[in-house]
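Being a predicted model, the structure only gives us computed values, none of them experimental. The basis for the numbers below is simple: all heavy atoms, side chains too, and nothing from hydrogens, waters or symmetry mates. If you read the sequence from its start, that first residue is 1, and numbering goes on from there.
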Amino acid sequence: MTEQNRGGRIRPTGRRRKPHTKGHRTAVIAAWSGAVLVLVAGSGLGYAYVRLDGNLKGVDINAQLGKNRPDDVDNGSMDILLLGSDSRSGANAAYGKDEGGARSDTAMVVHVYPGHKKASVVSIPRDTLVDRPVCASPQGAPVPAERRAMFNTAYEVGGPACAVKTVESMSGIRMDHYIEVDFAGFTKLIDKLGGVEITTAKPIKDAKSHLDLAPGTHTLDGEQSLGLVRTRKSVGDGSDLGRIQLQQAFMKAFIDQVKNVGVFSNPAKLFGIADTATKAITPDSELDSVNELSSFASGLSKLGADDVHMITMPVEYDPADPNRVLPVEAKAQQVWSALKADRPIPASATQDTATGKADGIVK
């Protein structure tokens with residue numbers, strides 16, 4: 001699944017790969033992560049930096065993975081792996097039973113093109129069967145490679161570094177940054193923002209995600225927003241692919257909410273949101289200070305919702321197990337090759353692939 005290599009780290013100073021262009025809308029594309037980057041950027045609260053810095057705890061992906069990675073190419077583009085953690089510990093226990101390990105419930109590769117005026121986002125279904133590479137557990141113990149492993153088990157067995165290594169193995173693209181957000185932080189962040197307005201074309205009632213929405217326009221609070229991005233069985237074909245379509249629609253609405261909330265004219269509100277956001281994320285070690293995160297975000301603020309193209313990695317249902325999906329190799333390589341060459345993803349890459357049949361339910 002690997003082709004030519006590329007990548008490159010983004011320095012907080014904004015010197016590598018051009019100004020970092022992701023936060024205000026692209027990370028927003030990861031919904032929760034985007035808010036952190038956008039809202040921390042430009043915060044001139046002085047003393048607040050100390051407090052916000054204390055909220056951030058990074059993970060050193062580069063040290064854990066070493067040098068056996070795709071090339072670090074300095075060409076002005078940027079790639080970020082965004083994960084929503086399925087951990088059931090602590091405050092997250094309210095959202096499900098602890099089944100013995102955290103998993104990545106949501107995974108998106110964000111590619112920001114040179115010039116940082118356009119971005120593409122590729123959602124990776126958690127149920128995708130992949131060839132997981134050799135990894136190390138968070139405690140440093142070796143974890144053997146596994147064929148036909150569910151994608152989200154990479155995070156379960158090896159934490160963030162194994163998730164990054166698996167994505168890099170699949171795509172041949174070096175991830176410049178990693179940002180993870182947990183469920184509890186997500187709900188608090190949405191509430192701080194005042195909710196997110198969405199419109200449903202059909203009723204959504206899902207017992208597992210505790211969501212019950214009639215057709216029409218709704219302003220979702222944090223709990224409802226979390227329910228929406230976790231809804232699966234009651235929309236489309238009931239698969240993870242349908243859930244991804246809901247997530248992508250929600251992110252579009254979230255972008256508009258961040259744009260219109262007016263936090264930059266209200267320092268107290270900005271600090272409250274930034275405080276909540278920095279507690280909600282685990283970034284890589286190159287983004288684990290307010291100065292680094294703010295610099296990263298400031299270069300991304302030009303991206304708008306219309307500048308971001310979102311797709312799901314081309315997959316097909318596994319003939320041996322309809323609850324799992326397999327990458328459509330030729331089409332997936334179209335996607336990764338386009339990103340490595342800083343070209344738009346061709347429409348042909350997603351034609352005649354599985355969709356989840358939930359498109360248009362949420363707008």
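The side-chain heavy atoms of V164 and V167, taken from C-beta on, include no pair separated by under 4.5 Å. Put simply, the side chain of T128 does not reach to within 4.5 Å of the side chain of L326, judged on heavy atoms. No side-chain heavy atom of E223 sits under 4.5 Å from any side-chain heavy atom of L211. The shortest distance between side-chain heavy atoms of C162 and R132 falls below 4.5 Å. Counting heavy atoms from C-beta on, the side chains of L246 and V235 come closer than 4.5 Å. Taking 4.5 Å as the limit, some side-chain heavy atom of P314 sits within range of a side-chain heavy atom of V335. Taking 4.5 Å as the limit, some side-chain heavy atom of T353 sits within range of a side-chain heavy atom of K331. Counting heavy atoms from C-beta outward, I273 and T276 have side chains that stay 4.5 Å or more apart.
From D191, atom CG reaches atom OG of S225 across 8.0 Å, with rounding to the nearest 0.5 Å. Distance check, rounded to the nearest 0.5 Å: CG of L228 to OG1 of T200 gives 9.0 Å. Distance CD1/I190 to CG/L220: 8.5 Å, rounded to 0.5 Å. We find the CG-CD distance between D284 and Q64 to be 11.0 Å, quoted to the nearest 0.5 Å. We find the CG-NZ distance between N55 and K279 to be 5.5 Å, quoted to the nearest 0.5 Å. Annotation: the span from L129 atom CG to D321 atom CG amounts to 7.5 Å, rounded to 0.5 Å.
Inspection of the H111 and D342 side chains reveals an N or O donor paired with an N or O acceptor under 3.5 Å. Looking at N291 and S289, their side chains never bring a donor and an acceptor atom within 3.5 Å of each other. In the model, T355 has no side-chain atom that pairs as donor or acceptor with a side-chain atom of Q245 under 3.5 Å. A donor-acceptor pair shorter than 3.5 Å cannot be found between the side chains of D206 and T231. In this model, a donor atom of one side chain and an acceptor atom of the other lie less than 3.5 Å apart for T106 and Q247. No donor-acceptor contact under 3.5 angstrom links the side chains of T166 and Y155, judged on distance only. Residues T282 and Y178 have side chains that never bring a donor and an acceptor to within less than 3.5 angstrom of each other.
The backbone N or O of D288 lies less than 3.5 Å from a partner atom in the side chain of E292, making a donor-acceptor pair. The backbone N or O of V290 sits less than 3.5 Å from a side-chain atom of D53, completing a donor-acceptor pair. A side-chain donor-acceptor contact under 3.5 Å links S137 to the backbone of G140. Proximity of a side-chain donor or acceptor of K188 to a complementary backbone N or O of A277 within less than 3.5 Å is not detected. Using modelled atom types, no side-chain atom of E180 and backbone atom of G84 make a donor-acceptor pair closer than 3.5 Å. The backbone N or O of Q334 lies less than 3.5 Å from no partner atom in the side chain of S337, so there is not a single donor-acceptor pair.
Closest heavy-atom contact between Y317 and S239: OH-OG, 3.1 Å. Here the closest heavy-atom approach between residue P133 and residue S169 is recorded as CG-CB, 4.3 Å. Nearest approach of G172 to K340, heavy atoms of both residues: O-CD, 3.8 Å. Between L65 and A161, the shortest heavy-atom contact is CD2-O, 3.5 Å. Considering every non-hydrogen atom in both V130 and M170, the closest pair reads CG1-SD, 4.0 Å. Residues F151 and P125 come closest through the heavy atom pair CB-O, 3.9 Å.
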(Q) Set out, in order, the CA-CA distance, both residues' side-chain angles and the distance that settles side chain to side chain contact (heavy atoms under 4.5 Å, CB included) for I345 and H309, then state yes or no. (A) CA-CA 8 Å; I345 297 171; H309 178 217; 4.3 Å; yes
Q) Could you go step by step and tell me if N62 and E286 meet the side chain to side chain contact (heavy atoms under 4.5 Å, CB included) rule? A) CA-CA 9 Å; N62 293 333; E286 293 186 354; 3.4 Å; yes
Q: Apply salt bridge (charged side-chain N to carboxylate O under 4.0 Å, His left out) to the pair D275 and R51, showing each step before the final yes or no.
A: CA-CA 8 Å; D275 187 43; R51 175 169 169 177; 2.9 Å; yes
Q.
V134 vs V143, test: side chain to side chain contact (heavy atoms under 4.5 Å, CB included). Steps then yes/no.
A. CA-CA 6 Å; V134 174; V143 177; over 6 Å; no
Q: List the steps and the verdict of side chain to side chain contact (heavy atoms under 4.5 Å, CB included) for L226 and V229.
A: CA-CA 5 Å; L226 179 61; V229 300; 4.3 Å; yes
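Between F254 and F250, the ring planes are parallel. Angles under 30° get that label, and only those over 60° would be called perpendicular.
Taking the charged nitrogens against the carboxylate oxygens, R232 and D127 do have a contact shorter than 4.0 Å, which makes a salt bridge. Using a cutoff of 4.0 Å between basic side-chain nitrogens and carboxylate oxygens, D318 and R148 are scored as salt-bridged. Ion pair D240/R126 not flagged as a salt bridge, since none of the NZ, NE, NH1 or NH2 atoms sits closer than 4.0 Å to an Asp/Glu carboxylate oxygen. A salt bridge is defined here as a Lys NZ or Arg NE, NH1 or NH2 lying under 4.0 Å from an Asp or Glu carboxylate O, and K357 with D237 fails to meet this definition.
Scored by the side-chain hydrogen bond (donor to acceptor under 3.5 Å, both in side chains) test, S123 finds Q248 as partners (sequence neighbours excluded).
Both L56 and V181 are members of a single hydrophobic cluster when ILVMFWY side chains are connected at heavy-atom separations under 4.5 Å. No continuous path of hydrophobic side-chain contacts links V328 to V122 [ILVMFWY only; heavy atoms under 4.5 Å].
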